[in-house]
Each structure stands twice: as structure tokens, then as C-alpha cells.
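Below: one structure, written as C-alpha cells.
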2 protein chains.
Amino acid sequence: MARKRFDDMPCSIAQTLNLVGDWWTLLIIRDAFFGARRFAEFETRLGIAKNILANRLSQLVENGIMQKVDIGQTGTHYAYELTEKGRDLFPVLTALRQWGDKWVYGEGCAPMDVIERKSGRPLARMVPLGADGTPVALEDLEIRLKEKS
Amino acid sequence: MARKRFDDMPCSIAQTLNLVGDWWTLLIIRDAFFGARRFAEFETRLGIAKNILANRLSQLVENGIMQKVDIGQTGTHYAYELTEKGRDLFPVLTALRQWGDKWVYGEGCAPMDVIERKSGRPLARMVPLGADGTPVALEDLEIRLKEKS
DNA sequence: CCGTATCCATTCCGATACTG
DNA sequence: CAGTATCGGAATGGATACGG
């Protein structure tokens, strides 16, 4: 990435893909959610080449999705942490995961579960809700484009 | 795509990205949600090269995310429609869009709104919920990997 | 430990031309 | 209208070697 190909598309989906739609980027963010913090940790977990990882991490930092924290006294140890902007991608990852759970592996066969400790149970399936809190029907949706000023 | 690079990762996120994580694929699906059906329609809206579009559409059909319907008498007019599997990607697109609304454009400045006709109001922000229906805290989550059999 | 620099093979993508 | 075929340039990604 980041090919700047979708830069001029006035669409939040295209713009978001521009920032995290890369082949590796979302997996890096996934592992960050799952506890990875160090360069070598991402490298090992993902099996990604060093240069690619360095490139993606610096882009994520540049875009404010992760931050680089110095954790050594000598300035040779760093941690990469999700910012609030990055943590706010959790719904995206959850939606992707739940779709794969259902359509790739099938219900009950997913290779990992995300459990809420409080209840000991998996998260509820994410569903788009209307303003009144009830699930929306696709047929009832209307796209409204903002006019140019 | 579809580079088969993530094929062996036992992870629903990686597997889903394998199917729709391509640069163009999610935008094709987006336009399908927004009403595009014909080959030329996707071509024009996206500004994508014919061969790339043909490739992506055939993969989507192959993967059961879209279906190709003959709508001409002569067999020269087709429509591409989302299957149930494809329509079930709506939460993914919604999560991506809402993140971009907030973090790329800022609240109230998004270039498009998705309105529920019934209420005339935008969809609610998608948030992962626990089993009890309340929003989850990231700190309260635990990843549980399935053991091999 | 955390990168950068370089090389090379592969792939991607757009443009164009052509077919039914 | 809905593709297929081909071509060349660009970018990607992996491996390796090197440096702070």
C-alpha cells in the first residue's frame, strides 16, 4: 500500500480502505488487539518480511492509528500501541471475523472465539441498527449524497 | 487478489480478507449494495479496467458472494447480484464507513449518509455488544483459540 | 532488538485492441 | 453490452545483508 488510488473518492469506505485496506495492515492491527506490541512479535506472528512490516508500522503511526513508544532505557526497544483511532477499528475487525466465522468456517467451527470475561460468553453478532435500535432491512435503506458546496 | 497467501492462517479475519480484502473487491460490493448491477455500471462508477473488473466479478461469483443472472433474451445482458452471503457483508461495509465518517471526515462531514426510510435517520453507530446486549470493553475481552483435534 | 538498503521475482493494473 | 487477449510499466513482497 498505500497506493493513493482511492484518495479522491468521496466515500468513507474508500478512504478507510486507503488507510487500512492493505493486505497486511489489518492483520497487524488484529495482532495488536490480540496483544502484540513489539516489532519482532509482529514479525514472528505474521511471518511478514522486515521491510514490509517496518513500512506498514510507520504508515500506521503516520496515520495516527498506532503510536511508537520507547520502552528501553537505551532507545533500542519500542512498543507499538493502538491509539484511540486504532482501537476504534475494533468493530471493523469484529465484523470481518464474524462473517468469516459464519461463511468460511460455519457456526461453531471458528478457529478462535472472542469471549467477554464478565459473562464468559462470545460477543453478540454485530448487526446494523436503525435509529430506534432495531435491525435494519436492506430494502429500507437510502443513500443520500452530500451536495457540493 | 486472490493471492493465496493467507489461506493457511486459521483465522476468520485472514480468511475473510482472502475473499474480499482486495483493493477493488470491497468497492465492487459497496456499489452492488448501492444499486449497481451491470458490468458497464461497475466499470463506469469505479473507473476500473475491464480485465480487472471481469476478474474480480468472476471471483466473487466463484466464491458465492455474487451471482450472475442472465437478463437478456439473447444472452448478452447480465446482472450481478449479491447473494445472501454477499448481503451479509453489510456489517463490514457499515463498520468501515462509520469509521471513515468519524476519523477521516469527522462527524457530520461524511460525503454520504445511509438513511433508514422508516425513520428518516441514519443508522446507529455499530458497536460490538456482549451477550447481555451492552457494549463491551476491550479490556474485558479474552481470545480463546480452539485446540486441534 | 529494531530496523534500513538492496536485489529480484511476481503480480497488479491500465490501456488498447478485438470478439460475439 | 460484456467480455477476452495482450502488453508494458509500476508496485509489491520476500530474502538477504548490513547498521545503530
Side-chain angles (χ1 to χ4, degrees), chain A residues 1-9 14 17-32 35-63 66-81, chain B residues 1-9 14 17-29 31-32 35-62 66-81:
Chain A
M1 108 100 163
R3 260 167 310 186
K4 296 307 182 182
R5 207 158 357 120
F6 301 151
D7 262 16
D8 51 347
M9 286 195 192
L17 291 177
N18 230 355
L19 297 181
V20 301
D22 180 77
W23 280 107
W24 283 114
T25 302
L26 274 172
L27 293 182
I28 292 172
I29 295 170
R30 174 200 66 177
D31 280 357
R37 291 165 44 88
R38 308 292 294 280
F39 186 95
E41 218 169 344
F42 290 104
E43 194 183 355
T44 305
R45 290 203 199 194
L46 292 168
I48 186 178
K50 281 169 175 300
N51 49 355
I52 307 294
L53 176 59
N55 176 278
R56 297 301 186 274
L57 283 174
S58 70
Q59 284 172 3
L60 285 167
V61 170
E62 193 177 323
N63 290 328
M66 300 189 83
Q67 54 188 335
K68 184 176 181 176
V69 179
D70 193 329
I71 57 172
Q73 301 85 331
T74 56
T76 59
H77 291 60
Y78 304 95
Y80 291 88
E81 302 173 351
Chain B
M1 108 98 165
R3 262 167 306 189
K4 297 308 183 184
R5 208 157 356 120
F6 300 151
D7 262 16
D8 51 348
M9 285 193 193
L17 290 177
N18 230 355
L19 297 181
V20 300
D22 179 77
W23 281 105
W24 283 115
T25 302
L26 273 173
L27 293 182
I28 292 171
I29 294 169
D31 280 357
R37 292 164 44 88
R38 309 292 294 280
F39 187 93
E41 218 170 343
F42 289 104
E43 194 184 355
T44 304
R45 291 203 201 195
L46 291 170
I48 187 179
K50 280 170 173 299
N51 48 357
I52 308 295
L53 177 59
N55 176 278
R56 296 303 185 274
L57 283 174
S58 71
Q59 284 171 2
L60 285 166
V61 170
E62 195 176 322
M66 300 188 83
Q67 54 188 335
K68 183 176 180 176
V69 180
D70 193 328
I71 57 172
Q73 302 85 331
T74 55
T76 59
H77 290 61
Y78 304 94
Y80 291 88
E81 301 172 353

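Quantities reported herein were computed from a predicted structural model and do not represent experimental measurements. In what follows, chains are A, B, ... by sequence order, proteins preceding strands, each numbered from 1. Just the heavy atoms: all of them, side chains too, but no hydrogens, waters or symmetry mates, feed the values below.
- A heavy-atom distance below 4.5 Å is found between the side chains of A/I29 and A/L60.
- For A/K68, there are no salt bridge (charged side-chain N to carboxylate O under 4.0 Å, His left out) partners, not counting sequence neighbours.
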So which protein nitrogen or oxygen atoms get under 3.5 Å of nucleotides 5-7 of chain D's nitrogens or oxygens?
{"unit_1": "D/dT6", "atom_1": "O4", "unit_2": "B/N51", "atom_2": "ND2", "d": "3.0"}

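- Taking only side-chain nitrogens and oxygens, A/W23 never comes nearer than 4.0 Å to OP1 or OP2 of C/dT11.
- By the 4.5 Å heavy-atom criterion applied to side chains, B/Y80 and B/V61 are counted as neighbours.
- If you check D/dG13, C/dG20, D/dG3 against the side chain of B/K68, the one that comes closest is D/dG3.
- Rounded to a whole Å, the CG atom of A/D22 is 13 Å from the C1' atom of C/dC12.
- Looking only at distances, no side-chain donor or acceptor of A/T25 sits under 3.5 Å from a matching main-chain atom of A/G21.
- When rounded to the nearest whole Å, the span between CG of B/L53 and P of C/dC13 equals 12 Å.
- Taking atom CG on A/N55 and atom C1' on C/dT4, their separation rounds to 12 Å, with Å as the unit.
- Atom CG in A/D70 sits about 10 Å away from atom P in C/dG3, given to the nearest Å.
- Listed by chain and number, the residues in a salt bridge (charged side-chain N to carboxylate O under 4.0 Å, His left out) with B/E41 are B/R45 (sequence neighbours excluded).
- Every residue was checked against the salt bridge (charged side-chain N to carboxylate O under 4.0 Å, His left out) condition with A/R38, not counting sequence neighbours, and none meets it.
- Residues satisfying the side-chain hydrogen bond (donor to acceptor under 3.5 Å, both in side chains) criterion with B/R37, sequence neighbours excluded, are B/E81.
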Bracket string, DNA chain D, 5' to 3' - pairs by Watson-Crick or G-U geometry under 3.5 Å, | interstrand: ||||||||||||||||||.|
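- Among residues two or more places apart in sequence or in another chain, the side chain to side chain contact (heavy atoms under 4.5 Å, CB included) test is passed with A/A54 by A/F39.
- The phosphate of C/dC1 (OP1 or OP2) has no side-chain N or O of A/R38 nearer than 4.0 angstrom.
- Listed candidates were C/dT4, D/dA15, C/dC13. Nearest to the side chain of B/W24 is C/dC13.
- OP1 or OP2 of C/dG3 has at least one side-chain nitrogen or oxygen of A/Y80 nearer than 4.0 Å.
- Which of C/dC13, C/dG3, C/dC1 sits closest to the side chain of A/H77 comes down to C/dC1.
- For the pair B/F6 CZ and D/dT12 C1', the interatomic distance rounds to 12 Å; values are reported in whole Å.
- Under the side chain to side chain contact (heavy atoms under 4.5 Å, CB included) criterion, B/A14 pairs with A/L27, A/R30, B/F6, B/M9, B/C11, not counting sequence neighbours.
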